[in-house]
K.L.:
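Provided herewith is a single structure, encoded as structure tokens, for subsequent inquiry.
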4 protein chains.
Amino acid sequence: MSQVGRRSKKSWRAILDAAYGPLEEGGYQSVTMGGIAARAGVGRQTLYRWWPSRAAVVFEAFLDKVNAGPFPAGGDFTASLRAYAHGFIDLYVKGAGGARLRELIGAAQTDPDLARALTEQWFEPRRAPVREALREAQRAGVVRADVDPDTALDLVFAPLHYRLLVSGQPLDAAYADTVVDLCLQALRVPGDRGPGAAHR
Amino acid sequence: MSQVGRRSKKSWRAILDAAYGPLEEGGYQSVTMGGIAARAGVGRQTLYRWWPSRAAVVFEAFLDKVNAGPFPAGGDFTASLRAYAHGFIDLYVKGAGGARLRELIGAAQTDPDLARALTEQWFEPRRAPVREALREAQRAGVVRADVDPDTALDLVFAPLHYRLLVSGQPLDAAYADTVVDLCLQALRVPGDRGPGAAHR
Amino acid sequence: MSQVGRRSKKSWRAILDAAYGPLEEGGYQSVTMGGIAARAGVGRQTLYRWWPSRAAVVFEAFLDKVNAGPFPAGGDFTASLRAYAHGFIDLYVKGAGGARLRELIGAAQTDPDLARALTEQWFEPRRAPVREALREAQRAGVVRADVDPDTALDLVFAPLHYRLLVSGQPLDAAYADTVVDLCLQALRVPGDRGPGAAHR
Amino acid sequence: MSQVGRRSKKSWRAILDAAYGPLEEGGYQSVTMGGIAARAGVGRQTLYRWWPSRAAVVFEAFLDKVNAGPFPAGGDFTASLRAYAHGFIDLYVKGAGGARLRELIGAAQTDPDLARALTEQWFEPRRAPVREALREAQRAGVVRADVDPDTALDLVFAPLHYRLLVSGQPLDAAYADTVVDLCLQALRVPGDRGPGAAHR
DNA sequence: TTTTAATCGAGACGGTACGTCATGTCTTTGT
DNA sequence: ACAAAGACATGACGTACCGTCTCGATTAAAA
């Protein structure tokens, strides 16, 4: 999925644009290889030369448009967590990215290649800095150290995606804040007032 | 999706069987309306007469096979939560249901009708008894009453589905137990040792 | 095709009407058994009970509407011939019958039952009186007696149908008159001035 | 219906063969687009790409097989006429072409495109040389000049097609000869012994 | 008058063919 | 040489009718 060989820069741009346009207009189902090729003024073979499947093209187009950079991830664990949660709401709920990501995750359920690409190129880059901040907090003793970091992170990451993909219940900043608070509560060092205490 | 008119019981059975068979063998993608009809010895129109889409047939077949009844849901909130979590692992991870449900949820991302059907006929019936137990616990004062029940439930429900659908990380009984414990910790009444304390 | 058994007069009427209506609106192709039944407020089985095929229903509806009676056929051979020719033009070209008959003859090319019904119930009743007049003329010696009557009649009958079905060239009263004249010329007793002489 | 674009010669041959085979075996009704495609080892879309309808494919297959060339058409009007009449009998009655042409003309009654194609590519090429011979004879004064050539030709062409399509009466060489003789009689210059006199 | 059996409408059923769409591969053509 | 254009085989889609088959409801003759 990366640019190699004699791949023409111009065609590459045209293809990604041609793939993302219909994605926003008609959704994932409306994007077809033939349609992308025609829109991009490109032979169909060119698509198959560089991408293994429709999902791959669409995902790269999605990355290209949406990947302005991972969510801001500085400071301590609590800040990281809040930043992630608010970034999630901004991108997926307020922005147009949510519908696209939903469809891509949907397609990934029957497309292992896409699933792997999503994990490696989308989820993990966003998860890693928060995980690092968590480990730092664990080392500093401000959150429980006896919980696997990935499990702990799921307490915040999972509810956000769950409402997006599964439950369909409201997904907004208030929910994100609540979830973060509950997570911090769960990770509180026993006997302490908790890592988020100072912020309230 | 319910039996109305003079729908033939025999055909209905044959269709659901014919839809679920290939589902296990080749996955959701390999199930086609024509294939179901042929396997069931049924006219194609009969499928379209009673179901609006492939997803609807497959979902009904899934319900028919897997819906042996919701997860056991008796007792107090903690027991309910553990029962749900273990039921989830048993059905989705140890059993064959997980792959099917993943594909259905995937399809639901681009099929609002299926999404609604999943929520109403699958998720909500399993969520409701646990929610009720939670409300009871809130009234009894053993868990925090200042948290929206659905948000609280998400702390357990979401991570399970998240690992199934999104992260691909290990999903086993140990993880389920940890998640339940963290949830109880988060919902602990401040100053109390928490509802799950006696169990540890 | 005749009314027998418990056949309901009311349904029979409704069916013939329901069959002829769409015939005029959308042509033979647009008439379907299901459509007729629905329009007539009749069960589909009722149609199949009384008619063997769509063609049979349509033909009976055609007869019912158009069969106001054969063309007038009195007098001598010349008058008979002219009467037939003008009747043909009036019904098939000026009236709406031509399009219907064309379609029925078209269907008859692949439907022997319809072909037989057309011959027996439509063509022959119109041909017979003219043939009889011809035989009379042959006995009276005013037209050649050494020509098979059916062959002789074809000289007029055939060109009219030919233009309707095959050549698509103009088919009007002038053409009909010319054809009749040429036929009379061909059948003239050698040495005589011909049977049509007195009329010119 | 003509070969344009990059139409594959091989597929084109296979399709015409595949269309004509079932035509002879089961008649026009038994020929289906799907059947042709399967027999020809060709995608269904390829048929729809190049032909607008089943009738068009079948007609082209008919032309391809039967169109060994128009009926021989040399010499004077009388010879032309006899040649046409005998060619008609040979091809349509003795050969297998008659059944095919009947069905095609039948289909043409509800298919204007096919009707036009039949006229332009089948009937007119056969009619034109005889018409030319007739005009020559009219100029030479051996047949009546006061009759429209097309009307005159109908005296022979029409009866042959009429018996084929409509009346179902015997259609053989004797009938053809009689019809030709009667036509020549009808077209005889008044007072003359007729153009065919020398041949008898 | 009541029973009873044929006939009706309605429409589900297993099928066949339709014409369209998208797929992924292969071929031609122009640059 | 490469890439656009697009033809190709494949196969699923959803629709339209077909002719057969149950259903109850109606209805008209037989009891």
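Every chain is numbered from 1 and lettered A, B, ... according to where its sequence line falls, protein lines coming before strand lines.
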K.L.:
OP1 or OP2 of dG9(E) sitting under 4.0 Å from any side-chain N/O of Thr46(C)?
P.N.:
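Affirmative; the distance criterion is met.
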K.L.:
Any non-hydrogen side-chain atom of Val66(A) less than 4.5 Å from a side-chain atom of Arg100(A)?
P.N.:
no
K.L.:
Taking CE from Met33(B) and P from dA12(F), how many angstroms apart are they, rounded to a whole number?
P.N.:
13 Å
K.L.:
When Watson-Crick pairs (N1 to N3 and N6-O4 or O6-N4) and G-U wobble pairs (N1-O2 and O6-N3) count only below 3.5 Å on both distances, what is the dot-bracket string of DNA chain E, with | for other-strand pairs?
P.N.:
|||||||||||||||||||||||||||||||
K.L.:
Assign each of Ser30(D) and Gly41(C) to its nearest nucleotide of DNA chain E by heavy atoms, then name whichever residue's nucleotide is nearer the 5' end.
P.N.:
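Whichever sits nearer the 5' end wins; that is Gly41(C).
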K.L.:
So, does Gln109(C) use its side chain to make a donor-acceptor pair with the main chain of Ile105(C) at under 3.5 Å?
P.N.:
yes
K.L.:
Does the side chain of Arg49(A) get closer than 4.0 angstrom to OP1 or OP2 of dA3(F) through an N or O atom?
P.N.:
yes
K.L.:
Is there a side-chain contact between Trp122(D) and Leu104(D) (heavy atoms, below 4.5 Å)?
P.N.:
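Not touching, per the 4.5 Å side-chain cut-off.
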K.L.:
Under the 3.5 angstrom rule, does the side chain of Arg54(D) hit a backbone N or O of Val31(D) as a donor-acceptor pair?
P.N.:
yes
K.L.:
Give the rounded distance in Å between these two atoms: CH2 of Trp51(B) and C1' of dC13(E).
P.N.:
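Distance check: Trp51(B) CH2 to dC13(E) C1' gives 13 Å.
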K.L.:
For Arg39(A), check side-chain contact (heavy atoms from CB on, under 4.5 Å) against everything at least two apart and list the hits.
P.N.:
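Arg39(A): side-chain contact (heavy atoms from CB on, under 4.5 Å) contacts with Ala18(A), Pro22(A), Glu25(A).
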K.L.:
Find the distance Ile36(D):CD1 to dA9(F):C1' and express it as a whole number of Å.
P.N.:
16 Å
K.L.:
Scan Gly35(C) against the nucleic acid and name what it touches under 4.0 Å (heavy atoms): base, sugar-phosphate only, or nothing.
P.N.:
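Counting heavy atoms under 4.0 Å across all strands, no contact is made by Gly35(C).
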K.L.:
Could you tell me which residues satisfy salt bridge (charged side-chain N to carboxylate O under 4.0 Å, His left out) with Arg49(C), sequence neighbours excluded, listed by chain and number?
P.N.:
none
K.L.:
For Arg39(C) and dG9(E), what is the distance between atoms CZ and C1' respectively, to the nearest whole Å?
P.N.:
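Between C1' of dG9(E) and CZ of Arg39(C): 18 Å.
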K.L.:
So which nucleotide from dC18(F), dC8(F), dC13(E) ends up closest to the side chain of Trp50(D)?
P.N.:
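It is dC8(F).
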K.L.:
Could you state the atom-to-atom distance from CG of Leu47(B) to C1' of dA12(E) in whole Å?
P.N.:
13 Å
K.L.:
Answer yes or no: does a side-chain N or O of Ser11(D) lie under 4.0 Å from OP1 or OP2 of dA7(F)?
P.N.:
no
K.L.:
How many Å lie between NZ on Lys10(C) and P on dT7(E), as a whole number?
P.N.:
16 Å
K.L.:
Evaluate the side-chain proximity of Gln121(C) to Leu118(C): yes if any heavy-atom separation is below 4.5 Å, no if none is.
P.N.:
no
K.L.:
Checking Ser53(B) now: which residues fulfil side-chain contact (heavy atoms from CB on, under 4.5 Å) with it, not counting sequence neighbours?
P.N.:
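With neighbours one apart ignored, the set is Ala55(B), Ala56(B), Asp111(B).
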K.L.:
What residues, two or more places apart in sequence or in another chain, satisfy side-chain contact (heavy atoms from CB on, under 4.5 Å) together with Ala99(D)?
P.N.:
none
K.L.:
If you restrict it to nitrogen or oxygen atoms, what contacts under 3.5 Å exist between nucleotides 25-27 of chain E and the protein, and what is each distance?
P.N.:
residue	atom	partner	partner atom	Å
dC26(E)	N4	Gln45(A)	NE2	2.2

K.L.:
If I take atom CD in residue Gln29(C) and atom P in nucleotide dG19(E), what distance separates them, rounded to the nearest angstrom?
P.N.:
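Computing the Gln29(C):CD to dG19(E):P distance gives 11 Å.
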K.L.:
Go nucleotide by nucleotide along DNA chain E from the 5' end; which of Val42(B) and Val31(A) gets its closest nucleotide reached first?
P.N.:
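Nearest nucleotide further toward 5': that of Val42(B).
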K.L.:
Under the 6.0 Å and 45° cation-pi test, does Arg102(C) pair with Tyr28(C)?
P.N.:
no
K.L.:
Quickly work out the Trp12(B) CH2 to dC13(E) P distance and round it to whole Å.
P.N.:
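Rounded to whole Å, this separation is 13 Å.
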